[in-house]
Amino acid sequence: MVKSKLEQSIIDALEEVASVHGIDIVDVEVVGATKAPCVRVRIDRLDGEAISLDDVTAQNAWVSDCVEGLDPISGSYTLEVSSPGMARPLRRPSDFERFTGEQVELTTLATQGRRAFKGAIAAVTPDDVTLSLDGEDPDTVTIPFAEVKKCVLKPVFDFKSKKEEN
């Protein structure tokens with residue numbers, strides 16, 4: 001995955017202490033204006049259970065201390081600590097393996113003449129991910145992790161089956 005040097009340094013610092021707290025660092029983003037940036041840290045529980053708002057609140061202090069100790073941005077910035085949400089970012093090969101078969105939206109640096117792909121994760125190796133593209137020719141594409149800029153789960157809402165039950 002392609003991350004900025006700043007984002008990667010924050011991820012590395014947080015991952016050093018996250019397991020002690022039973023937390024997985026899902027993703028870190030630095031977004032917004034240069035004068036007032038926002039550092040977004042998405043966390044989840046290591047045990048695989050869903051993280052609650054109370055869990056996020058309880059973890060906020062050590063995340064804040066760790067980021068502040070790193071002093072990644074000169075001047076003021078906003079720190080947001082949150083759950084991964086429904087459009088969960090996938091960052092590591094293990095994330096892709098965990099969600100094999102799920103629908104994703106993936107953006108690359110420019111693989112095979114295009115940047116955006118939508119489909120299901122069909123296969124994962126330590127070096128790349130293969131997506132099964134819906135209704136496209138070719139119907140699969142393999143993308144090296146080194147070229148993946150961003151990938152998020154695409155929530156699927158199946159309202160049709162609920163209507164059929166009623």
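Both backbone and side-chain heavy atoms feed into the values below; hydrogens, waters and symmetry mates do not.
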How long is the gap from [atom1] on [X] to [atom2] on [Y], to the nearest 0.5 Å?
X: L131; Y: L133; atom1: CG; atom2: CG; value: 6.0 Å
X: L106; Y: K154; atom1: CG; atom2: NZ; value: 13.0 Å
X: K149; Y: T107; atom1: NZ; atom2: OG1; value: 7.5 Å
X: E16; Y: C66; atom1: CD; atom2: SG; value: 7.5 Å
X: E102; Y: R88; atom1: CD; atom2: CZ; value: 11.0 Å
X: S132; Y: F117; atom1: OG; atom2: CZ; value: 13.0 Å

Between [X] (side chain only) and [Y] (backbone N and O only), is there a donor and an acceptor less than 3.5 Å apart?
X: D47; Y: E49; value: yes
X: R42; Y: S82; value: no
X: D55; Y: S52; value: yes
X: T100; Y: E97; value: yes

Could you check D12 against Q8 for side-chain hydrogen bond (donor to acceptor under 3.5 Å, both in side chains), going step by step and ending with a plain yes or no?
-> CA-CA 6 Å; D12 293 343; Q8 192 59 53; 2.9 Å; yes
Does a side chain donor of either T140 or T130 reach within less than 3.5 Å of an acceptor in the other side chain?
->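 Side chains of T140 and T130: no pair found under 3.5 Å.
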Residues T57 and N60: side-chain donor-acceptor under 3.5 angstrom |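 Judged by distance alone, the side chains do not pair up.
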Is it the case that one hydrophobic cluster holds both [X] and [Y], taking links as side-chain heavy atoms less than 4.5 Å apart, direct or via other members?
X: V81; Y: V17; result: yes
X: L46; Y: V56; result: no
X: I23; Y: V39; result: yes
X: V152; Y: V31; result: no

With side-chain contact (heavy atoms from CB on, under 4.5 Å) as the test, would you mind laying out the steps for H21 and R45 before giving the verdict?
-> CA-CA 9 Å; H21 299 279; R45 292 173 46 147; over 6 Å; no
Closest non-hydrogen atom pair, [X] against [Y]:
X: R91; Y: I25; value: NH2-O, 2.7 Å
X: S76; Y: P37; value: O-CD, 3.6 Å
X: R98; Y: G48; value: NH2-O, 4.4 Å
X: Y77; Y: P72; value: OH-CD, 4.2 Å
X: P155; Y: A87; value: CG-N, 4.2 Å
X: P89; Y: P84; value: CD-O, 3.9 Å

Can you list the steps and then say if V104 with F96 is a side-chain contact (heavy atoms from CB on, under 4.5 Å)?
-> CA-CA 10 Å; V104 296; F96 286 84; 5.8 Å; no
Are [X] and [Y] close enough that some pair of their side-chain heavy atoms sits under 4.5 Å apart?
X: E147; Y: R115; result: no
X: I121; Y: L90; result: yes
X: V30; Y: E7; result: yes

With respect to L70, which candidate in L14, I10, L6 satisfies the side-chain contact (heavy atoms from CB on, under 4.5 Å) definition?
->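 Only match with L70 under side-chain contact (heavy atoms from CB on, under 4.5 Å): I10.
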Can you tell which of V26, I51, V28 makes a side-chain contact (heavy atoms from CB on, under 4.5 Å) with I43?
->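 That would be I51; it is the only one of V26, I51, V28 passing the side-chain contact (heavy atoms from CB on, under 4.5 Å) with I43.
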Could you go through the side-chain contact (heavy atoms from CB on, under 4.5 Å) check for D95 and R92 one step at a time?
-> CA-CA 5 Å; D95 296 336; R92 301 163 290 215; 3.1 Å; yes
Check the pair V148, I143 against side-chain contact (heavy atoms from CB on, under 4.5 Å), reporting the backbone distance first and the verdict last.
-> CA-CA 7 Å; V148 175; I143 302 165; 3.8 Å; yes
Residues which pass side chain to side chain donor-acceptor pair (under 3.5 Å) with K3, listed by chain and number, not counting sequence neighbours =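 Side chain to side chain donor-acceptor pair (under 3.5 Å) list for K3, sorted by chain: D27.
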